[in-house]
Amino acid sequence: MNWITVFCGSSSGTDDIFTEQGELLGKTLAEQNIGLVYGGAMVGLMGAVADATLQAGGKAIGVLPRFLQTKEIAHAGLTELIIVETMHERKTKMNDLCDGVIALPGGYGTMEEFFEMLTWGQLGLHKKPMGLLNIAGFYNSLVAMVQTMVEKGFLKGINRQMLLIDNDIEGLLNQMRQYVAPEVGKWITRERT
């Protein structure tokens, strides 16, 4: 993996551990010569990951829609800042630039971006590893919901395995390095659950 896209909050959250782990992820990526691709902002967890990556000598590419650039949240010190017109173009560009994806804590935007790219993998549009860094149990309820999707027949077990989860950065990166995308199609019928 040469580049990892990180989706995360433009806020820092209520617990310092979110920022601490975001910074540690940025530092770890730089130390392992993995470039960061992210949403291009200087605020919240987004800014913390980017700053830590750059401070550790790594590369950070931001992808920011023009309408957010005008709100003065663009990070000025990045290796490269790519300006796009729409949120969809942002996700597409981030997908094109990366070899894998990690989600840190975040809100609706983080979930939407992560799950759209996970769905692209489920549909066979890419074979990239997709991981949740489950800091302080942030994603426990989401992981339980995904398991309910399997149990209720809305998600195949093999597709559930596409979602890599760890509460440790090194553990998650190791899972991502070993990931092999499933060859099974997405569609579920009563006979094939």
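In this text, all values refer to a predicted model and were calculated from it rather than measured experimentally.
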Report summary line: Output for pair (I17 CD1, D15 CG), nearest 0.5 Å, gives 6.0 Å
Query raised in the report: Within the side chain of T53, is there an N or O that forms a donor-acceptor pair under 3.5 Å with the backbone of K59?
Result: no
Requested in this report: For residues K127 and A181, report the shortest heavy-atom separation together with the two atoms involved.
Outcome: CB-CB, 3.7 Å
**Report entry** Working for side chain to side chain contact (heavy atoms under 4.5 Å, CB included), residues K128 and T5
**Finding:** CA-CA 11 Å; K128 300 172 185 181; T5 286; over 6 Å; no
Query - Side-chain touch Q32/E170, heavy atoms, less than 4.5 angstrom - result: yes
Query raised in the report: Should we count OH of Y108 as having more than 12 external heavy atoms under 6.0 Å?
Result: no
Report task. Taking side chain to side chain contact (heavy atoms under 4.5 Å, CB included) as the test, write out the residues that go with N33, two or more places apart. Result -> none
Query raised in the report: In chain order, what residues pass the side chain to side chain contact (heavy atoms under 4.5 Å, CB included) check against E113, with sequence neighbours excluded?
Result: F7, M87, R90, K91
Query raised in the report: Are any of the side-chain heavy atoms of L64 and H75 separated by less than 4.5 Å?
Result: no
Query raised in the report: How many angstroms lie between CD in E20 and CD1 in I135, if you round to the nearest 0.5 Å?
Result: 10.0 Å
Requested in this report: Determine, for E89 against K93, whether the closest basic-nitrogen to carboxylate-oxygen distance falls under 4.0 angstrom.
Outcome: no
Query - Hydrophobic cluster identity match, M130 and M145, side-chain contacts under 4.5 Å - result: yes
Query raised in the report: Given side chains that start at C-beta, do those of L164 and L172 come closer than 4.5 Å, heavy atoms only?
Result: yes
Report summary line: In terms of heavy-atom contacts, Y38 and V6 come closest through CB-O, 3.6 Å
Query raised in the report: Of all heavy-atom pairs between L78 and A50, which one has the smallest distance, and what is that distance?
Result: CD2-CB, 4.1 Å
**Report entry** Side-chain heavy atoms of T19 within contact of L45, under 4.5 Å
**Finding:** yes
Report task. In sequence, state the C-alpha distance, the side-chain angles, and the governing distance for I73 and M46, and then conclude on side chain to side chain contact (heavy atoms under 4.5 Å, CB included). Result -> CA-CA 11 Å; I73 65 166; M46 294 172 72; over 6 Å; no
Report summary line: Output for pair (D168 CG, L133 CG), nearest 0.5 Å, gives 8.0 Å
Requested in this report: Provide the closest heavy-atom pair for P129 versus M1 in the form atom of the first, atom of the second, distance.
Outcome: CG-SD, 4.1 Å
Report task. Please identify each residue that fulfils side chain to side chain donor-acceptor pair (under 3.5 Å) with W120, with sequence neighbours left out. Result -> E116
Requested in this report: Please round to the nearest 0.5 Å and tell me the distance separating atom CE of M176 and atom CD1 of I34.
Outcome: 8.0 Å
Query raised in the report: Side chains of F114 and L142: closer than 4.5 Å at any heavy-atom pair?
Result: no
**Report entry** For the student: nearest non-hydrogen atoms of M94 and G39, plus distance
**Finding:** CE-N, 3.7 Å
**Report entry** Validation row: K156, M162 side chains within 4.5 angstrom (heavy atoms)
**Finding:** no
Query raised in the report: Any donor and acceptor pair, going by atom type alone, linking the side chain of R66 with main-chain N or O of Q69 inside 3.5 Å?
Result: no
Report task. Report the residues that fulfil side chain to side chain contact (heavy atoms under 4.5 Å, CB included) with L24, sequence neighbours left out, ordered by chain and then residue number. Result -> Q21, T28, I169
Requested in this report: Could you state whether V180 and M117 fall into the same hydrophobic cluster, counting links through intermediate Ile, Leu, Val, Met, Phe, Trp or Tyr residues with side-chain heavy atoms under 4.5 angstrom apart?
Outcome: no
Query - Note, T110 side chain near L104 side chain (heavy atom, < 4.5 Å) - result: no
Query raised in the report: Is there any side-chain hydrogen bond (donor to acceptor under 3.5 Å, both in side chains) pair reaching into residues 129-141, and which pairs are they, with sequence neighbours excluded?
Result: N134-N140
Query raised in the report: Do the non-hydrogen side-chain atoms of L97 and W3 ever get within less than 4.5 Å of each other?
Result: no
Report task. Output the distance between atom CD1 (I61) and atom CG (L36), rounded to the nearest 0.5 Å. Result -> 8.5 Å
Query raised in the report: Can you tell me how far the CG atom of L173 sits from the CG atom of L29, to the nearest 0.5 Å?
Result: 6.5 Å
Report summary line: Heavy atoms of H126 and N95 approach each other most closely as CD2-OD1, 3.8 Å
Query raised in the report: For F138, which residues count as a ring pair (Phe, Tyr, Trp, His ring centres under 6.0 Å) partner, sequence neighbours excluded?
Result: F18
